[in-house]
Amino acid sequence: MGTLEQARLWVRQARRIAVLTGAGVSAESGVPTFRDAQTGIWANLRPEDLATEEAFRRNPRRVWDWYAQRRENLRDAQPNAGHAALAEFQQRHPGRMTIITQNVDRLHQKAGSTGVLALHGDLFENRWLHPCLKSDLYGGAGGGCDPAAAEPGRPPYCAECRNLVRPAVVWFGEALPEDALSAAEHAAGTCNLMLVVGTSGVVYPAAGLAHLARDSGAHVVVLNPEPTDLDQAAHLRIAGPSAQWLPLLLAEP
Ligand code: OAD
């Protein structure tokens, strides 16, 4: 049996499928990846200058402007055939597929996927740098200021306590959102098949989910045009771009 046929058989047989995606799944929507040579974001810029809390404290305007530019670049990005194939599978098979993504571009959601576990946050959302001081002062109860109502600026700020608004993405050294991570661990630990799509597999804890799935008895399929750090955890590798191969993998027989 060929590689694709084997993977398609596992898709048909699996009661529960977990899909772990990375930047590569959006590459064919024109979104740059992080580590591809030449075109990857981290091929030209240093994460420690742009994607850490320390960098933001050092130079809030530079980091804010960079994220503002990324928002601008991504605003009109459209899901590709890979995102669509995943969303259509979810619609045809309610409850069978959980999408876990490291991407912050919302393209799975735009394609119509539901219950997406966004491990690294959302590029289009903001939050305060510190817990809102006003909510502490005034007793909290879910109160506090809304970052959307901050004074305009680069970045916007709180006129009273000078708190800064930052993008609601996970920076290096930060913890992942607890709810999304524990739901992702549950999905990885209980699935029969994990598809690892468009990720280099070098960033943890996300990459650890593929090992968790394998150790829990799931079949693991890596879909990526290049070798990845998760290839050893895979039973099968499909070498190719996801917008081309996901529709073939997930189409009905
Ligand atoms: P990377 O840039 O590390 O990896 C992208 C992967 O996509 C590579 O393995 C490419 O070979 C693959 N790829 C390229 N084109 C593809 C295509 N058309 N179809 C399928 N795969 C393709 O991106 P991630 O693994 O997502 O973290 O990086 C993980 C995290 O590191 C990101 O979430 C981000 C980054 O720093 C945060 O922002 C916290």
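All residue numbers refer to positions in the sequence shown, counting from 1. Every number for a ligand or one of its atoms is a count from 1 in the order of the listing.
From the protein, the heavy atom lying nearest to atom 5 (C) of ligand 1 is Gly198 O, 3.7 Å. The protein heavy-atom contact nearest to atom 19 (N) of ligand 1 is Ser242 N, 2.9 Å. Among all non-hydrogen protein atoms, the one lying nearest atom 38 (O) of ligand 1 is Val170 O, 4.1 Å. Nearest non-hydrogen protein atom to atom 14 (C) of ligand 1 is Asp36 OD2, 3.8 Å. Looking only at protein heavy atoms, the nearest one to atom 25 (O) of ligand 1 is Thr199 OG1, 2.6 Å. The nearest heavy-atom contact from the protein to atom 8 (C) of ligand 1 is Asn224 ND2, 3.8 Å. The protein atom (non-hydrogen) at minimum distance from atom 4 (O) of ligand 1 is Ser200 N, 3.3 Å. The shortest contact between atom 37 (C) of ligand 1 and any protein heavy atom is with His120 ND1, 3.7 Å.
Between Phe56 and Trp171, the gap from one ring centroid to the other is short of 6.0 Å.
With distances taken over non-hydrogen atoms, the option nearest atom 2 (O) of ligand 1 out of Arg35, Glu28, Glu174 is Arg35.
Close to ligand 1: Phe172, with a non-hydrogen atom less than 4.0 angstrom away.
Residues Val25 and His83 approach most closely at O-CE1, 3.3 Å, considering heavy atoms.
Counting only distance, with no hydrogens or angles, the side chain of Arg127 and the backbone of His130 share no donor-acceptor pair below 3.5 Å.
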